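Numbered from 1 within each chain, the chains take letters A, B, ... in sequence-line order. Since the model is a prediction, treat every value here as computed from it, not as a measurement.
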Amino acid sequence: MQEILSLAGANLISPIILSFALGLAAALARSDLTIPEAVAKGMSIYLLFAIGFKGGVAVSTHGIDQTLVLSLVAGLILSFGLPLIAFALLRVMTGLSNIDAAAVAAHYGSISIVTFVAATSVLQGRLIDSEGYMVAVAAVMEAPAILSALWLVARSGGGGKMEPGLMRELLLNGSIVLLVGAFFIGAITGEQGLAEISPFIVAPFKGVLCLFLLDMGLIAGRGLRQSRGVVGMGAVGFAILMPLVGAMIGLGAGLLVGLSLGGVVLMMTLSASASYIAVPAAMRVALPEANPSVYLTLSLGVTFPFNLTLGIPLYLAVAQIIVGG
Amino acid sequence: MQEILSLAGANLISPIILSFALGLAAALARSDLTIPEAVAKGMSIYLLFAIGFKGGVAVSTHGIDQTLVLSLVAGLILSFGLPLIAFALLRVMTGLSNIDAAAVAAHYGSISIVTFVAATSVLQGRLIDSEGYMVAVAAVMEAPAILSALWLVARSGGGGKMEPGLMRELLLNGSIVLLVGAFFIGAITGEQGLAEISPFIVAPFKGVLCLFLLDMGLIAGRGLRQSRGVVGMGAVGFAILMPLVGAMIGLGAGLLVGLSLGGVVLMMTLSASASYIAVPAAMRVALPEANPSVYLTLSLGVTFPFNLTLGIPLYLAVAQIIVGG
Amino acid sequence: MQEILSLAGANLISPIILSFALGLAAALARSDLTIPEAVAKGMSIYLLFAIGFKGGVAVSTHGIDQTLVLSLVAGLILSFGLPLIAFALLRVMTGLSNIDAAAVAAHYGSISIVTFVAATSVLQGRLIDSEGYMVAVAAVMEAPAILSALWLVARSGGGGKMEPGLMRELLLNGSIVLLVGAFFIGAITGEQGLAEISPFIVAPFKGVLCLFLLDMGLIAGRGLRQSRGVVGMGAVGFAILMPLVGAMIGLGAGLLVGLSLGGVVLMMTLSASASYIAVPAAMRVALPEANPSVYLTLSLGVTFPFNLTLGIPLYLAVAQIIVGG
Amino acid sequence: MQTHTAKRVEIVIEAPLESRLIRALTETGVTGFTILPVHGGSGRSGVWTREGQVGRAGMVSVVCLIKPERLDGLLDAAFSVLEKHIGVVSITDAQVLRAERF
Amino acid sequence: MQTHTAKRVEIVIEAPLESRLIRALTETGVTGFTILPVHGGSGRSGVWTREGQVGRAGMVSVVCLIKPERLDGLLDAAFSVLEKHIGVVSITDAQVLRAERF
Amino acid sequence: MQTHTAKRVEIVIEAPLESRLIRALTETGVTGFTILPVHGGSGRSGVWTREGQVGRAGMVSVVCLIKPERLDGLLDAAFSVLEKHIGVVSITDAQVLRAERF
Ligand SMILES: Nc1ncnc2c1ncn2[C@@H]1O[C@H](COP(=O)(O)O)[C@@H](O)[C@H]1O
Ligand SMILES: Nc1ncnc2c1ncn2[C@@H]1O[C@H](COP(=O)(O)O)[C@@H](O)[C@H]1O
Ligand SMILES: Nc1ncnc2c1ncn2[C@@H]1O[C@H](COP(=O)(O)O)[C@@H](O)[C@H]1O
Ligand code: NA
Ligand code: NA
Ligand code: NA
C-alpha cells in the first residue's frame, strides 16, 4: 500500500501528469489558452507513429513468441465483452437511457492510446520490459466494442442498426491504420530503422506527450465546465469503478495468455482505459441519439485522469504482487 | 566599445538573427513565403512551455533567494511605470493622438518574451548564469502596463474605461497561464523532470527559435510594407530611444533588487522590450480607436529588431561594466 | 546488377520508403488517415530550412570550388532544356494535347526537393560526400522549366502568354526563398551555427522526412484513386522513361562540370525528378487549360515513387561505375 | 453581366457525417459543392469548438449552388442524412455566373 | 420539403471580440450560431491575413439563422459590441428546414 | 435598426489566383472583402481537399459586400480573372448595417 502510494505520488509529480493538470486548471479557470487543432492532430499522429514503430522494433528484436496470437485474441474478446459488463453496471448504477448506456459502454470496451502510452513510460521509468506487440493488441481493441454497443441497442429495440460502410470505416480508421502501419514499418526495419529515426521518435517523445496532455487537459476541462449537471454521481462512480473492473479482467486475461509483468500491466491498462477519440466519432454516426457530453465527460473527464494518476500505479502494484518481479 | 561592437557583430551573424532577417527580406520582397498560423502558434506554445519549465527547474535547483519577491515587485512597478514615461516621450517626440500614444505606451510597459528568450540564449552563449525566476518576472510584467495605458486615456477624458471581464482575461491570458504553469511544473519536477523532457525542450530549442523568428520577420516585414507613411520619423526615434531608456531604468531596478549580472541583463531586456502579441489583442478590445498599424510597426517593426541586434549586446556590455564580472 | 538490386532492396526497406508506402496504401484503401495541411506545410518548411542550411554549412567548410558556378549554369541549362526533350517524348509516346504535354514537360524540367533529400540521405548512409552547393543548384532548377513550357505552348499558338507578375512570383516562390535563404544563413554561420541548431535540423531530420513522405503517399494515393483512366499506359511509360533519360543527361552534365561522385548522383537525381508542388501551382495560373490530374498523377503518382525506390539506387550504381569510387 | 437564378444551400452538419452527405448528394446528381471549415458554434446540443480537437469532432459547412428546379432533390438527400442528427440547413435565392456549370 | 422563412445574419468581427459578441447574443436569447474561420480580408482599416499570426489577430465570421421577428434584438446585441469596432454585418433572407430548431 | 440594401458576392476561386483577383478588385475600387478558407469541394473539374496539401492548392472563397450599383464593375473584374479558370461566382441580395462602410 505504502509502496503504491509512493509510486502514485512519484507518478503524480511527473511533467506529463502536471501538464494535464495545467490544461485542466486553465480550462476550468476559463483561460483562453488553446492548442490549434492542426497542432493537436499533428502531435497525435506523431505519438501513434512513434508508439507503433517502437512496438514493431521490439517485436523484430525479441521475436514473436507464441503468446502474440493469444494476446490478440484476448484483446478481441475483451473489447467485445467489456461493453456488456459496463452496460450492466450502468443500468444498475445510473439512470441513463439504454442508448446512452450503450454508447458509454462502447467507450469502455475500446481503449485510450494515450493512457497506454503513459503506462509504457511508467514501465520504462521502472525498467520493466513489456511485449512490443501490445500496441497491436491496442489496435485490435479499438473497434469491436462499438459492435457490442450497437448490438446492445438493437437488442433493446432502440434502432442502432449497423450503418452500411461503418464497419470498414471503423477498421480503416486513421489512428488504427497509422498505429498498425508504423508497427509493421518498425517490425520490418528493426533496430537499424530505429537507429535512423530514434532522435525523432524516442528522444523527444515524452516532451511531446506533455504538450499533448496539456491539450487533453484543456479539452477535458472545457467538457467538464459545459457538462455540469449532465452526469450524476452514479455515473461518476461508474467511471471510477469500471476501470478497476476492467483492469481486474485484463489481469486475468494477461495471466491466462502468459504475458510478462509489463505485458500484464499494459493489458490491464488497455482494459481499464476508455476511448475518447475514435469511439465518440463513431457514436455520432451510429448512435446519434446518444448524448455526447455524457460519454465524453465520463471517459475523458473522469476515467482518463483517474487512470493517469491512480490507476496505472495501482495496476502495476497489483500486477507485481500477483505476477511477482 | 570595441568589445560591444564585436559582440554585436557576433550576435548579428547568429542563425537566430539571420532567420529574422530572412523573413523580413522575404516579406519586403513580397515573396509568398508564409508559415501557417497553426504552426506559428504551435511554436510559440513550445517556446513558452520550454522557457517557463527551464526557469522553474533553475529555481528548484538554485533555490529561492530573498530577491525573488523583490524582483517580482520591481517587475510590477516597471510595467506600471514605464508606460507613463513612454507616454510623456511620445507626446514630446510625436504628433500621435492621446489614444494612439497611450496604446503605444502600453506595449512598451509590457514585454516581448521572444526578446527575453534571445537575451537568455546570448547569456548562455557567454556562460553567464541568471536567476531562473526571471521568467516569472516576465509573466508579471505582461499585463499591468495595459492598466496604466487605460488610466492615461481615462485621465485625458478619452474613454478607455476598464471593460468588464477584461481584467481576468488579461491575467488568464493563454501565454501567461502557459508560462507560469510550465514554470511551476519545472519547479515541482526539477532536474529529474528536466532530464525526462530535455531532448524536447532544451536540445531543439534554438532551432525552433530560428523558425519562429523567421515568422516574426515575415510578419514584421508585411507590417512595414503596409504601414509605409503611417509612422513618422519622431515615432521611429521613440521606438529606438524608449528601449534604451527602459533598459537604463531596468538596470537601476536590477541593481536595487540585487540581481546577478545575468539577472540584471534580463531585467534590462524586459524593460527595453515591447509586447506585440498580448497587448495588441487587448488594445483592440480596450482602445479600439487606437490605430493598430502604429503600435505594431513600432514594437514589432522597429524596437524588436533593434533589441535583437544592437540592444541586447549593448545591455550586456553596460551591465558588465557596472555590475562587473 | 546484383549490387544495384541489393542496394535497391536495402533502400526499399528504409523507414522513409515504407512510410510513403503506408500513406499510399492507406489512401488507396480509402482510410480517413490524413495529415493536417498546416502540419504538412510546417514539415516542408522544416525540410527546406534544414537542407538549405546544411548545404550552406558544407560550402562554408569545404569552401567554394570553381565548379560551383559551372554547376549552377548546368542546372539552368538542364531546367530550360529538359522540358523540350520531355515534350518531344510526350508527343511520341502519348496522345496528350499540346497544352497538357507542355504542362507535364514543365514538371520534369523542374525538380522535386524531397527526391533530392532522399538521395542525399542515401549518400550519407553510404558515407559518400557531395558538394553542399547542390541545394543551390536545386533552387536554380525550380523555375526555368516553366518558361520553356510556356514557350512551347506559345510556339504552337496555344496562348500560354507569360502572365505579368508571374516571373517574379516564380523567382520569389516561398520554397525557393526559404531554401536559398537558409543556404546563405548556413554559409554565413558555418559549423558554429550548425552546432547551435543541429539537434533541431540534423538529428530529427529523417524522422520528420518519414512523416512527410507518409503525407506524400496519402496525397499520391488519393490522386491515383481519383485519376483512374485519366492517364494512359503511354503516359505512365513516359513517367518512368523520362527520369532515366533525365538522369543520363544529368550524369553527362555532372561529369562535364567535374562534380564528385556524390555531386554527380545528386545532379542525376535533380534531372530525373519532377516537381509536384511549385510547378502545379504555377501551371494553374499560366496554363489553366492543362489538366492537373494528368501532371500530378505522372509526377507524384509515378515518377516520384519510381525515383524513391528504384531510381536513386540505380543512379548511384551507374555513377559509381562511371565516376568510380 | 449575364447572371442566372439559382439556390444557395448551406448545410451545417457533423464532421463524421460529411462523407455520407457527400455520397447522398452525389447519388442525387449534385456534384458541385464547396466545403468550408467551421471553427465552432452553438445550438440546442450546446456549445462546441474545434480548438485542440484530435478526433473528427465538430461540424462542417457544405455550400451547394444549384438550379432552383433541383432544390427539392437536394433537400431530400440532405435530410435523409441529417434527419436523426444535429445541424441546420438554410436556403437563399442567388444569382450565378456561368450557368452552364450548374 | 417544408421550409420556413428565416434571416441569415453574418457578422464579421475582430477575433478578440468574439467572446463578447457571443455573450451579447446569448443574453438576448440567440443561442444558435456557427463560427467560421476567416483567412484574411481588407476594409477601411486596411489589409490583413492570418498567415503566421501568433496572437488573437484578424477577424472571425459568426453566422446566425433566426426567426425574422427576432432580427432586431440580434442586431441591437451585435451592434452594442461592434459599435466602436471594425467589422461588418450583413443580413439575407433565407429558408430553413426544421423550424423547431430556431 | 437602420439597414441598407447591398449585394453579397461570393467568389470561389483557385488559391493560386487569389492575389490576381484581389488586384483586379482593388483596381475597380472594391477594397472591402473577406477571404474564407475552403476545406474541399467538388465540381466539373473533380473532387479535391486541402488535407495534407503542401503547395498553394485548392480554392479560397472571397466574399464582397457592395452597393448594388457597383455590382457590375465587380463582376467584370472578377470575370476577367476567373474567365479561363475553374470556380464559381454567386450573388445574393443583402442588407448591411453602417452603409458608410461600403
Ligand atoms: N440558428 C443557428 N444559426 C446558425 N448555426 C446554427 C444554428 N443552430 C445550430 N447551428 C449550428 O449547428 C450546430 C448544431 O446545432 P443543434 O442541432 O441546434 O445542436 C451548432 O453547433 C451550430 O454550429
Ligand atoms: N465590403 C466588405 N465586404 C466583405 N467584407 C468586408 C467588407 N468590408 C470589410 N470587410 C471585412 O471586415 C474587416 C474590417 O473591415 P473595416 O471595418 O472596413 O476595416 C475587413 O478586414 C474584412 O474582413
Ligand atoms: N454548384 C456548386 N456549388 C458550390 N460550389 C461549387 C459548385 N461548383 C463548383 N464549386 C466549387 O468550385 C470548385 C471548382 O468547380 P468547377 O469549376 O466546377 O470544377 C469546386 O471544387 C467547388 O469548390
Ligand atoms: Na477499455
Ligand atoms: Na518593456
Ligand atoms: Na527534373
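Contacts between B:I35 and chain C at a heavy-atom distance below 4.5 Å involve backbone atoms as well as side-chain atoms. For chain B, no part of C:F184 is nearby; none of its heavy atoms comes within less than 4.5 Å. Both the backbone and the side chain of B:S19 come within contact range of chain C, with heavy atoms under 4.5 Å apart. No part of C:A50 comes within reach of chain B, as not one of its non-hydrogen atoms sits under 4.5 angstrom from that chain.
Here the shortest heavy-atom pairing between B:P15 and C:G193 reads CG-CA, 3.8 Å. Contact detail for C:P199 and B:A203: the closest heavy-atom pair is CB-O, 3.4 Å.
Your options are B:A40, B:A38, B:A29, B:A26, and the one with the most heavy-atom pairs under 4.5 Å with chain C is B:A29.
For the atom pair CG (B:L33) and CD1 (C:I176), the distance works out to 11.5 Å, reported to the nearest 0.5 Å. Expressed to the nearest 0.5 Å, how far OG1 of C:T189 lies from CG of B:L18 amounts to 6.5 Å.
Annotation: side chain of B:V39 is not in contact with side chain of C:I45 (no heavy-atom distance under 4.5 Å). A 4.5 Å side-chain heavy-atom check between B:S31 and C:L178 finds every atom pair outside the cut-off. Side chains of C:I197 and B:I16 form no contact here, defined as non-hydrogen atoms less than 4.5 Å apart.
Counted within 6.0 Å of CD on B:Q226, heavy atoms from surrounding residues, nucleotides or ligands total more than 12; the atom is thus considered enclosed.
With hydrogens and angles disregarded, a donor-acceptor distance shorter than 3.5 Å links the side chain of B:D32 to the backbone of C:G174.
Contacts of residues 207-217 of chain B with chain C at a heavy-atom distance below 4.5 Å involve B:G207, B:V208, B:C210, B:L211, B:L214, listed in sequence order.
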